[in-house]
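What follows is a short report on a single structure.
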Amino acid sequence: MAGLYYEDFEVGMVFDHPLTRTVTEHDNISYSLMTLNPQPLHVDAEFSAKTEWGKPLFNSLYTLGIMIGMSVQDTTLGTTVGNLGMSDVRFPHPVFAGDTLRARTEIVGKRESKSRPSNGLVEFDHTCLNQHGTVVATCRRMGLMLKRPEA
């Protein structure tokens, strides 16, 4: 698997993820409606034109998903048991259709699991930036990771 095992992570490691994604109007409308979020700020250009933004805002939960998804290939692909929680989620700058997003992850903590000897907990700090280098999202995530199988 491409993902790292618990033992491979070190506090202070930084990953500048190579995958990027240009988000589209279709992404925004489809995601918003699939998740039953009819907020006109996301799906109605006429409504959004009258707001301070002047155009639809990209759905922040989709931004969160893209940010974390961009990290999977380099960090947890096939080696995660599951996410235990996300905290400190922030969206300091809006995302609009046409923005190109990229992500960075820093390992900020790790510890052995007290209840699952074959697993460890790794704490990830994710940051998402747009094409101008502006931070558009941040999140702290706790993952339950597989330990390297014994030979």
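Atoms considered below: every heavy atom in the structure, side chains included; atoms not considered: hydrogens, waters and symmetry mates.
Counting Ile, Leu, Val, Met, Phe, Trp and Tyr side chains that sit under 4.5 Å apart, directly or through other members, L33 shares a hydrophobic cluster with I29, V43.
By the salt bridge (charged side-chain N to carboxylate O under 4.0 Å, His left out) test, R140 is found to be paired with E123, D125, residues two or more places apart in sequence or in another chain being considered. Checked against side chain to side chain donor-acceptor pair (under 3.5 Å), T75 has no partners two or more places apart in sequence or in another chain. Applying the ring pair (Phe, Tyr, Trp, His ring centres under 6.0 Å) rule to F9 yields the partners F124; only residues at least two apart in sequence or on another chain are considered. Taking K147 as the reference, E112 meet the side chain to side chain donor-acceptor pair (under 3.5 Å) condition, with sequence neighbours excluded.
For H17 and R102, the side-chain atoms include no donor-acceptor pair closer than 3.5 Å.
The side-chain heavy atoms of V89 and L64, taken from C-beta on, include a pair separated by under 4.5 Å. D99 places a side-chain heavy atom less than 4.5 Å from the side chain of Q131. Under the 4.5 Å side-chain criterion, counting only non-hydrogen atoms from C-beta, M13 is not in contact with D8. Contact of the T20 side chain with the L101 side chain is not registered, since no non-hydrogen atoms from C-beta on lie closer than 4.5 Å.
Residues V122 and M145 share a closest heavy-atom pair of CG2-CG, 3.7 Å. For E25 against A97, the heavy-atom pair with the smallest separation is N-CB, 3.5 Å. Pairing each heavy atom of N130 with each of H93, the nearest pair is ND2-CD2, 4.0 Å.
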Which donor-acceptor pairs under 3.5 Å do the side chains of residues 55-62 make with protein atoms, sequence neighbours left out?
residue : atom : partner : partner atom : Å
N59     : OD1  : L61     : N            : 3.0
N59     : ND2  : S32     : OG           : 3.1

